There are 2 protein chains.
Amino acid sequence: MDRILEKPAEKKQDLFSIAELADEFSISTRTIRFYESKGLIIPDRVGTTRVFRRRDRTRLLLILRGKRLGFSLSEISDYLELYDADNTQATQTQHLLERVNSRLSMLRAQKEDLEIAVKELEAMQEYALQQLEKQTS
Amino acid sequence: MDRILEKPAEKKQDLFSIAELADEFSISTRTIRFYESKGLIIPDRVGTTRVFRRRDRTRLLLILRGKRLGFSLSEISDYLELYDADNTQATQTQHLLERVNSRLSMLRAQKEDLEIAVKELEAMQEYALQQLEKQTS
DNA sequence: CGCTTAATTGACGTTAACGTCAATACATGC
DNA sequence: GCATGTATTGACGTTAACGTCAATTAAGCG
């Protein structure tokens with residue numbers, strides 16, 4: 001019996017080794033193990049060896065995007081919880097909604113900062129282009 | 001002679017103590033000294049005491065915005081250089097333009113990530129709202 | 001089955017970005 | 001002119017996020 005293929009729809013292409021994921025995302029295996037130790041991903045095991053499914057691959061994508069946005073791993077951890085929150089009970093759903101909203105306002109604030117920075121740099125760009133015209137004429 | 005008031009247009013309201021800035025930006029004086037040690041700001045001195053001008057105050061604003069966007073201090077340092085680059089020579093201006101452009105593409109990539117994250121959360125928000133309707137009906 | 005390659009665990013190292021003293025100097029109001 | 005508050009300069013401590021290395025274990029293969 002191949003216990004890891006127990007679930008019918010689970011094929012080989014849905015299973016990843018630590019090295020495959022490390023390679024795909026250009027991170028080290030150490031980093032992946034570190035994320036597991038922080039509870040950000042929870043791969044299965046075959047014996048002692050980790051086996052990653054789609055869910056963990058997706059989580060890795062979310063983690064890396066979070067990092068690119070400058071969030072800490074603990075913020076990312078909170079963020080990931082939003083993706084598998086329990087919404088069978090109204091109180092839970094209400095709670096989820098609040099957390100989603102607060103996260104949204106963080107992201108929107110960051111977007112404002114970003115847009116200001118972009119505008120400043122675009123102004124610099126334009127200025128530099130004008131200068132170049134003068135200087136090379 | 002009050003050397004620090006030498007420049008005619010420089011009034012008291014353009015000068016800040018370390019505590020004033022720390023207070024205004026809700027950071028510690030240690031943080032400000034740390035930024036100085038990294039060359040991010042270069043306050044004047046009256047005796048041994050630091051005196052900050054508008055320029056450094058502005059730089060602090062840029063530093064903090066950079067941090068909110070998730071940039072490291074060394075990235076922020078590069079970023080600050082764009083603001084006081086020499087553009088008297090065409091080669092310098094050309095170089096500045098390249099750096100501005102590369103920074104712009106970083107920011108735009110980040111903006112894409114941000115917008116995807118916002119959309120995902122908005123979808124969650126909508127879903128949660130629908131769930132709540134069902135659950136409380 | 002022995003060899004090579006891949007994976008695991010534990011321990012210690014490292015870098016960034018400050019925090020936290022402690023000792024000392026400066027300034028200032030009463 | 002002295003107590004009291006503010007500033008400065010080391011020096012060491014701390015946390016996050018991994019890197020690095022060594023010792024084992026497990027897995028594939030000719």
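Please read these numbers as outputs of a predicted model, since none were measured by experiment. Residue numbers start from 1 in every chain, and the chains themselves are labelled A, B, ... in the order their sequence lines are given, proteins ahead of strands.
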Separation of atom CD1 in A:Ile63 from atom C1' in D:dA17, rounded to whole Å: 13 Å
Interatomic distance where CZ belongs to A:Arg45 and P belongs to C:dT8 [whole Å]: 6 Å
Donor-acceptor side-chain pairing of B:Tyr35 and B:Arg30 below 3.5 angstrom: no
Any donor-acceptor pair under 3.5 Å from B:Gln110 side chain to B:Leu69 backbone: yes
Residue met sooner reading DNA chain D from 5', once A:Thr48 and A:Phe71 are mapped to nucleotides: A:Phe71
side-chain hydrogen bond (donor to acceptor under 3.5 Å, both in side chains) between A:Ser77 and A:Ser74, worked out: CA-CA 5 Å; A:Ser77 178; A:Ser74 99; over 6 Å; no
Nucleic acid contacts - residues 17-35 of chain B versus DNA chain C, non-hydrogen atoms under 4.0 Å: B:Ser28, B:Arg30, B:Thr31, B:Phe34, B:Tyr35
Salt-bridge contact B:Lys119-B:Glu112 (side-chain N to carboxylate O under 4.0 Å): no
Nearest-Å distance for atom pair CG/P, residues B:Leu40 and C:dA16: 13 Å
Sole candidate of A:Arg59, A:Arg99, A:Arg103 that passes salt bridge (charged side-chain N to carboxylate O under 4.0 Å, His left out) when paired with A:Glu81: A:Arg99
N or O in side chain of A:Arg50 less than 4.0 angstrom from C:dT8 OP1/OP2: yes
Sidechain-backbone polar pair: A:Thr93 side chain, A:Gln89 backbone, donor-acceptor under 3.5 Å: yes
DNA chain D-proximal residues of residues 72-84 of chain B, any heavy atom under 4.0 Å: none
Check ion pair A:Asp14-A:Arg54 (N to O, under 4.0 angstrom): yes
Toward the 5' end of DNA chain C, by each residue's nearest nucleotide, B:Lys67 or B:Gly47: B:Lys67
Integer-rounded Å distance: D:dC18 C1' and A:Leu60 CG: 15 Å
B:Phe52 CZ to D:dT8 C1', straight-line distance once rounded to whole Å: 12 Å
Cation-pi geometry met for A:Arg57 and A:Phe52 (6.0 Å, 45°): no
NZ/NE/NH1/NH2 to OD/OE distance under 4.0 Å, A:Glu115 and B:Arg108: no
